K.L.:
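Take this structure first; my questions come after.
As the structure is a computational prediction, the values presented were derived from the model and not from experiment.
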Amino acid sequence: MNLKAPRGTRDILPPASEVWNKVESKIKEIYRQRNFWEIRTPLFEETDLFVRGVGGTTDIVEKEMYTFNDKGGRSITLRPEGTAPVVRSYIEHKLHGEPQPFKFYYFGPMFRYERPQAGRYRQHYQTGVEVIGGDTPLIDAEVISLGIDILKEFSIKGWVLHLNSIGCRECRPGYIEELKSYFKKETVCKECSQRIDRNPLRVLDCKSEECADLKERSPSIIDYLCPDCSLHFSQVQELLTSREISFTIDPTLVRGLDYYSRTAFEIKTRELGAQDTIIGGGRYDGLAEILGGPNAPGMGFGMGLDRFLLMLEKNSFANYKNTPLDIFLVTIGDENVQKESWKILNMVRKAGFSADMDLLVRSPKNQMKFANRIGTRFTVIIGEDELAKGVVQLKDMEKGTQNEVNIEELISNIEANYRGG
RNA sequence: GUGGGUGUAGCUCAGGUGGUUAGAGCGCAGGAUUGUGGCUCCUGAGGCCGUGGGUUCAAAUCCCAUCACUCACCCCA
């Protein structure tokens, strides 16, 4: 076979897909309990949405987008992230006319053309939230604590919350000027020397040793925040502290997307190798206007489900076993037996049990073997002799015991067996 | 986009310095037990040895290229 899933994509097969389902529904419960509502946006958008919304000098836009022309000549891009589409939708449907703020959540795949590695895929799955239509510190704290609640809900340990404020339109330009002139006086690595003009905040993100020392002594954004941003930032911290959420202030945390303002945060873990950010997000007060909408400040996060699932494995939460089948019907006989068994199958399914029967007309021995292999609690053995008497054999696969029961009493017998343990 | 490691059966892996029909364990299918699972024994199916080219009388094995997987950088979820 030479057909394979494309590079950086993968299939999620049965026992694992069951874990995904459980994880997703548990997260949904947490969202709903906090009055967040689901939004589903298209998997692809007009390319311009991301160029304007995410920022033309970001890595995502410069080299990671799946962009193509459709048959009508439109430039289309598979969504690389979730925030810009949600804000686009908010503007398009004039949701600022609804009671504010609007609290969204979403689940779904994102697409980025990158070299795959541990915890990084070209199609990866994210869940996230966006609170649009408010800029209070309460909203920031609500969003950040929600992310932490999810980790706690799944008993995940070993994470650290990194927190920063990158200012606003008023105070950031001044800081960026300071930063530029500081770095221009020093020797930086060759990548950073290009970054200084194009996207100076990114120099703070540099991990090379040449720049490490410079970063230590570089001017900190926190010292340049305007009074409003400074107050906002300290209020967010107070709210988090009041919920006993610990964090580290990280002035080098700038995040890759242009639309962020004020609060930026990431939740990292030590257990995932190099790709250690499991939740990342922040505030984006100017984004709606950049996209041609009203002034609608927002705050949100994205969480990498692939990485989250990897963490669950490390924390041995994910139990990769198939849930056992309640009932498997073993048929012994001709078409008539199969037809009657088919009816009994429907009966036990309607009673609420998970049930299946032999579909290959195998020997009784091999049917039993199959039932045992897939994990079955009870088998119901149906042969011509039994049908003639209106009974079936009910076998408990754990205890190995077997009883003859009337077909009419089969359901109540199984129920009694479950109750009796 | 850059660098390292790895590609043999469904899975995990053997196959010294090239040498006939490429092996094992597990799994899968069937049987021993003509209507009963787990243990045991027997049998069977399943491989373009990632792909393409080269060296050679001869390549899973040596060389080159390419693709994929993997780890890391960049960056992010």
K.L.:
My understanding is that a pair needs two contacts under 3.5 Å, Watson-Crick or G-U wobble. By that rule, which nucleotide pairs with rC74(B)?
P.N.:
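For rC74(B), the partner nucleotide comes out as none, under the 3.5 Å rule.
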
K.L.:
For rA24(B), what is the paired nucleotide under Watson-Crick or G-U wobble rules, both distances under 3.5 Å?
P.N.:
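Paired with rU12(B).
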
K.L.:
Report yes if a side-chain nitrogen or oxygen of N366(A) is closer than 4.0 Å to either non-bridging phosphate oxygen (OP1 or OP2) of rG30(B); otherwise report no.
P.N.:
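It does, given that an N or O in the side chain of N366(A) lies less than 4.0 Å from OP1 or OP2 of rG30(B).
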
K.L.:
Examine distances only and state if a side-chain atom of R34(A) and a backbone atom of I30(A) form a donor-acceptor pair shorter than 3.5 Å.
P.N.:
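Yes; at least one donor-acceptor contact below 3.5 Å.
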
K.L.:
Which nucleotide, in any strand shown, forms a Watson-Crick or G-U wobble pair with rG30(B), with both distances under 3.5 Å?
P.N.:
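Base partner found: rC42(B).
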
K.L.:
Return yes if the base of rU36(B) and the side-chain atoms of Q402(A) contain a donor-acceptor N/O pair under 3.5 Å, otherwise no.
P.N.:
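Pair found.
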
K.L.:
Would you check if V330(A) and F328(A) make a side-chain contact, meaning some heavy-atom pair closer than 4.5 Å?
P.N.:
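Side-chain contact under 4.5 Å: yes.
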
K.L.:
Taking only the side-chain nitrogens and oxygens of R7(A), find out if one of them lies under 4.0 Å from OP1 or OP2 of rC69(B).
P.N.:
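Yes, such a contact exists.
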
K.L.:
What integer number of Å spans the P atoms of rA65(B) and rG4(B)?
P.N.:
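About 12 Å, rounded to a whole number of Å.
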
K.L.:
Considering Watson-Crick and G-U wobble pairs with both distances under 3.5 Å, what does rG19(B) pair with?
P.N.:
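The base-pairing partner of rG19(B), which may sit in any strand shown, is rC57(B).
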
K.L.:
Please tell me if R120(A) has a side-chain N or O lying less than 4.0 Å from either OP1 or OP2 of rC71(B).
P.N.:
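Result: no.
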
K.L.:
For Y121(A), which contact category applies under a 4.0 Å heavy-atom criterion: base, sugar-phosphate, or nothing?
P.N.:
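Base: the residue Y121(A), judged by heavy atoms under 4.0 Å, touches a nucleobase.
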
K.L.:
To the nearest angstrom, how far is R115(A) atom CZ from rG4(B) atom P?
P.N.:
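Between P of rG4(B) and CZ of R115(A): 11 Å.
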
K.L.:
How is A371(A) classified with respect to the nucleic acid when contacts are heavy atoms under 4.0 Å: base, sugar-phosphate, or nothing?
P.N.:
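If one applies the 4.0 Å heavy-atom cut-off, A371(A) turns out to touch nothing in the nucleic acid.
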
K.L.:
Scan every strand shown for a Watson-Crick or G-U wobble partner of rA68(B), both distances under 3.5 Å, and answer none if you come up empty.
P.N.:
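Result: rU6(B).
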
K.L.:
Would you call the rings of F107(A) and Y31(A) parallel, tilted or perpendicular, where under 30° means parallel and over 60° means perpendicular?
P.N.:
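Plane angle between 30° and 60°, so tilted.
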
K.L.:
Provide the distance between the two P atoms, one in rC28(B) and one in rC64(B), to the nearest whole Å.
P.N.:
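The answer is 42 Å between these two P atoms.
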
K.L.:
Quick check: any donor-acceptor pair below 3.5 Å linking the side-chain of K365(A) to the base of rG35(B)?
P.N.:
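Result: no qualifying N/O pair found.
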
K.L.:
One thing to verify: whether D276(A) and K268(A) come together as a salt bridge, which I'm taking to mean a side-chain N less than 4.0 angstrom from a carboxylate O.
P.N.:
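Yes, charged N to carboxylate O under 4.0 Å.
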
K.L.:
Output yes when at least one side-chain N/O atom of Q117(A) is less than 4.0 Å from OP1 or OP2 of rU70(B), else no.
P.N.:
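For rU70(B), neither OP1 nor OP2 has a side-chain N or O of Q117(A) closer than 4.0 Å.
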
K.L.:
Say we look at rG50(B) and rC69(B): how far apart would their C1' atoms be, to the nearest angstrom?
P.N.:
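About 10 Å, rounded to a whole number of Å.
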
K.L.:
Ignoring hydrogens and angles, answer whether the base of rG35(B) and the side-chain atoms of E386(A) contain a donor-acceptor pair closer than 3.5 Å.
P.N.:
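Donor-acceptor pair under 3.5 Å: yes.
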
K.L.:
Whether K26(A) engages the ring of F154(A) as a cation-pi pair (distance to the six-membered ring centre under 6.0 angstrom, angle to the ring normal within 45°) should be assessed.
P.N.:
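Output yes; distance and angle both within limits.
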
